[in-house]
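Let me begin by presenting the structure, written as structure tokens, before commenting on it.
When a ligand or atom number is given, it counts from 1 through the structure's own listing order.
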Amino acid sequence: MHEHPSSEPVSAEEPASLAPGLYIVATPIGNLGDMTARAVRVLASASLIACEDTRVTGRLLNHFAITTRMQPYHDHNAASVRPGLIARAAVEPVALVSDAGTPLISDPGYKLVADARDAGVTVVAVPGACAAIAALSIAGLPTDRFLFAGFLPAKDKAKRDAIAELANVPATLVFYESGPRLAATLLALHDGLGDRPAGVGRELTKRYEEMVTGPLSELAARWADAPPRGEIVVLVGPPLPAAAATADDLDSALHAALATMKVKDAARTVAEALGVSKTEAYARALVLKNGE
Ligand code: SAM
């Protein structure tokens with residue numbers, strides 16, 4: 001196989017005929033202008049397109065004058081259809097799309113990809129739009145670490161349990177949500193995570209696109225009585241740093257520690273507990289020990 005040096009882009013052209021394999025093709029999340037040129041070429045050259053809903057994908061294919069045959073692949077028929085798709089992808093190019101965005105991201109395809117790989121079938125990414133990434137790219141929340149949590153459970157208790165599991169994750173959290181459930185979810189996030197900075201991205205890439213940012217309490221209040229329409233991504237910033245210890249906090253912790261420990265041990269224990277520097281805790285412990 002021809003290797004490309006990693007610093008060089010490969011040709012923008014797909015070969016005239018696609019190699020056999022399973023092509024995971026992202027499609028727009030609302031704005032048809034986000035369809036990539038490569039996605040069009042791959043879908044047009046594939047021998048078959050597996051899709052969630054042939055009506056939804058049919059409209060997309062029509063728009064781009066693509067005539068490739070479609071095969072429904074969704075939760076209800078996946079187990080029976082999967083082996084045939086994999087056998088076919090071993091000898092022909094087969095594409096997988098979802099209704100919108102990147103397949104497998106809160107959409108079908110995980111088992112298909114896993115089984116295709118197990119069967120030695122080449123799996124090729126044809127990346128493009130993804131609502132989670134689009135929201136992260138415009139919210140102004142930390143993006144160095146994020147955790148995609150998909151849809152929270154609908155039932156209140158299960159939702160709150162799922163949020164509690166995420167409370168200590170040191171990363172921006174990303175959720176998918178629907179308009180009618182937004183207010184209850186923001187409230188549960190506020191209760192479980194505190195008043196963290198957050199963002200609600202709605203109808204991204206579409207005519208009424210918006211990204212509203214603010215503390216969770218404000219966002220929860222904004223939609224408390226008027227559920228918004230459309231598709232939604234909720235982002236929640238990482239845990240807030242604990243409030244800095246005051247001089248009084250340091251003194252009372254040191255007093256207590258000095259009652260049972262030597263100066264050095266008291267300073268180390270308190271420094272770790274309050275998140276202050278050991279040098280500072282040691283200097284203050286000496287002062288207190290010597291009766292100021
Ligand atoms: N695979 C898709 C992706 O790559 O983003 C997600 C599919 S998931 C079934 C659909 C959910 O994605 C919606 O309920 C919403 O939470 C989110 N979503 C999709 N399109 C969106 C958009 N244009 N604006 C905001 N959220 C969107």
Side-chain angles (χ1 to χ4, degrees), residues 22-36 38-39 42-43 49-57 59-60 63 72-78 95-114 123-141 143 146-154 159 162-163 166 172-186 188-189 198-214 216 219-220 222-223 227-236:
L22 178 63
Y23 292 75
I24 307 301
V25 182
T27 58
I29 55 169
N31 187 327
L32 285 175
D34 292 334
M35 183 79 169
T36 69
R38 183 165 175 240
V42 168
L43 293 182
I49 299 171
C51 61
E52 282 183 271
D53 182 332
T54 54
R55 283 163 308 175
V56 173
T57 299
R59 283 196 292 274
L60 181 78
H63 182 86
Y73 182 78
H74 45 64
D75 290 349
H76 304 294
N77 73 352
L96 173 73
V97 300
S98 55
D99 282 354
T102 302
L104 280 81
I105 307 301
S106 286
D107 268 337
Y110 157 66
K111 282 200 118 223
L112 183 63
V113 169
V123 182
V124 181
V126 184
C130 174
I133 300 297
L136 279 165
S137 72
I138 58 169
L141 291 167
T143 51
F146 58 85
L147 185 144
F148 177 68
F151 289 95
L152 283 164
K159 180 182 283 185
I163 291 170
L166 298 170
T172 293
L173 306 175
V174 185
F175 303 95
Y176 283 166
E177 197 41 282
S178 68
R181 291 186 184 158
L182 179 65
T185 290
L186 289 172
L189 287 168
V200 171
R202 204 169 64 83
E203 295 287 89
L204 299 175
T205 76
K206 305 186 202 177
R207 183 192 293 260
Y208 298 110
E209 159 169 3
E210 64 175 356
M211 169 58 73
V212 183
T213 55
L216 274 169
L219 298 181
R222 179 184 175 116
W223 285 289
R229 286 173 194 273
E231 298 192 286
I232 290 165
V233 180
V234 177
L235 305 175
V236 182

Closest non-hydrogen atoms of E52 and H74, given as atom of the first, atom of the second and distance, are O-CD2, 3.5 Å
Distance col, row M35:CE vs H63:NE2, nearest 0.5 angstrom, shows 9.0 Å
Looking only at heavy atoms, the pair that brings T27 and A129 closest together is O-CB, 3.7 Å
Minimal heavy-atom distance between A188 and K159, with the atoms involved, is CB-CD, 4.0 Å
Ordered by chain then number, the protein residues lying under 4.0 Å from ligand 1 by heavy atom are I29, A100, G101, T102, I105, S106, D107, C130, A131, F151, Y176, E177, G201, E203, L204, K206, E231, I232, V233
Scanning both residues in full, the closest heavy-atom pair of F151 with E177 reads CE2-N, 4.0 Å
Correct closest heavy-atom pair for N77 and Y73 would be OD1-CA, 3.6 Å
